[in-house]
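Take a look at the structure set out below.
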Amino acid sequence: MFVREFGTTPDTVWAAPGRVNLIGEHVDYAGGLCLPIALPHSTVVAVAPRTDGIVRLRSTAGEPWNGRIDDTAPGRPTGWAAYPAGVLWALQDRGGIDAVFVSSVPIGAGLSSSAALECVLAAAMSPDTDRTALAAACVRAENEIALAPTGGMDQAASLLASEGHALLIDSSSGRTRRVPFEPTAHGVELLVIDTRAPHRLVDGQYARRRAAVERAARRLGAASLREVTDRGREGADAVRSLKDDVLRRRAWHVISEIARVRLAVTALEAADFVELGRLLTASHLSLRHDFEVSCPELDTAVEAALTAGALGARMTGGGFGGSAIALVPAGETPEVVENARRLAAERGLPEPAFATVTASAAARQVS
Ligand code: GLA
């Protein structure tokens, strides 16, 4: 495609993965802990630098974009090109590029197709830059150019995760740690259920949740809800004493979810997938009832998985559509798939798509 579009060959080809978060949802912007894995699905870029400041971006999934880096500003360009153009802007790369993107990360499925798009270009353009710094540049692209007020979990996963491991991210210190995640070695599979309910982070709900979390922290006289969590019982009592019912439930989700991540790490270190499953389901209930970011499609996928024998299931990512994950005893996946299809059909919901996934590698050069 690069040769056809530009009449030359690319200098380099890189791939960067999408992610699913095992647990630790809607806590990254509160300084919390999250535990994603990188997916086997990835976005590939073929790229050649230019010297005349012109940027030409092509994708199989969207309109071509031609411009200059000076055309990049908050809210510009719009559409998919905002992410790669935003990365060049954040890296202050003024030379220009020709680039072609092809992706196997389902778009709009809550599996971080946009982070994969950012991270693959950042890694290809700055292979020698520290990955944590690259992740920060990608977050700036997303927040300041694409105007999606997301935290940093997705970019960290795409740039720092590793095969056979989940990545424990401490969003308050920026530190990360690898935690073994090899369910298949223990007779368990991780199933992703893409509900095909369109998921949008830009529609204001995500921003409203983030604002509520920040307001709750201010009311409790803390810089973040992480700080409140670290006050232990005293912090939990303070959250319980919040008068505003909505704010109290939002904050309770965050502090209880951070606690669940800690327990999940302990469970994974002991390869206790029954306990991990219990925590996933508890996380879903908290996201559904206290944080209110689930939707009928996600609740149906979780219910179908649990009634067909999953050890645990939850929505993953920002919510309001997108994907759920289920931990399923090996051999029982066909039943879970069948049940999720049947229940969705019965309720008049879109037919979900399914993938069994393993923890895969972060951004890497492929040729
Ligand atoms: C989206 C954001 C992340 C994170 C999750 C919710 O994926 O991009 O930063 O906030 O939602 O956990």
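Whatever order the structure lists them in is the order used to number ligands and atoms, beginning at 1. Counting from 1, the numbers follow the sequence of the chain as shown. Quick caveat, the model's predicted, so the values are computed rather than measured.
Minimum interatomic distance between Ala344 and Pro350 (heavy atoms only, all atoms of both residues): CB-O, 3.7 Å.
The distance criterion of under 3.5 Å between nitrogen or oxygen atoms is met by His26 with respect to ligand 1. Where the criterion is an N or O separation shorter than 3.5 Å, residue side chain and backbone included, Glu142 fails it with respect to ligand 1.
Within the 4.0 Å heavy-atom criterion, neither part of Gln155 lies near ligand 1.
Within a 6.0 Å sphere centred on CD of Gln92, heavy atoms belonging to other residues, nucleotides or ligands number 12 at most.
Counting only N and O atoms by type, the side chains of Arg210 and Thr150 include no donor and acceptor under 3.5 Å apart.
Shown in contact with Glu25 at under 4.0 Å from a heavy atom are these atoms of ligand 1, numbered in order with element: 5 (C), 6 (C), 12 (O). Atoms of ligand 1 found under 4.0 Å from any heavy atom of Gly151 (numbered from 1 in listed order, with element): 9 (O). Each of the following atoms of ligand 1 lies closer than 4.0 Å to a heavy atom of Arg19: 7 (O). Less than 4.0 angstrom separates some heavy atom of Tyr29 from each of these atoms of ligand 1: 10 (O). Taking a cut-off of under 4.0 Å to the non-hydrogen atoms of Asp28, the atoms of ligand 1 that pass are 3 (C), 4 (C), 9 (O), 10 (O).
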Assess whether salt bridge (Lys or Arg N to Asp or Glu O under 4.0 Å) is satisfied between Glu297 and Arg347, documenting all intermediate values.
CA-CA 9 Å; Glu297 291 87 347; Arg347 294 178 184 176; over 6 Å; no
Step by step, would you call Asp245 with Arg249 a salt bridge (Lys or Arg N to Asp or Glu O under 4.0 Å)?
CA-CA 6 Å; Asp245 172 60; Arg249 286 187 290 120; 3.4 Å; yes
N/O donor to acceptor pairs below 3.5 angstrom from side-chain atoms of residues 278-285, sequence neighbours left out:
residue	atom	partner	partner atom	Å
Arg278	NE	Glu275	OE1	2.9
Arg278	NH2	Glu275	OE2	3.1
Thr281	OG1	Gly277	O	3.2
Thr281	OG1	Ala313	N	3.2
Ser283	OG	Glu257	OE1	3.1
Ser283	OG	Glu257	OE2	2.9
Ser283	OG	Arg314	NE	3.0
His284	ND1	Met315	N	3.0
His284	NE2	Asp299	OD1	2.9

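Not a single heavy atom of Asn21 lies less than 4.0 angstrom from ligand 1.
When the salt bridge (Lys or Arg N to Asp or Glu O under 4.0 Å) test is applied to Glu189, no partner is found at least two apart in sequence or on another chain.
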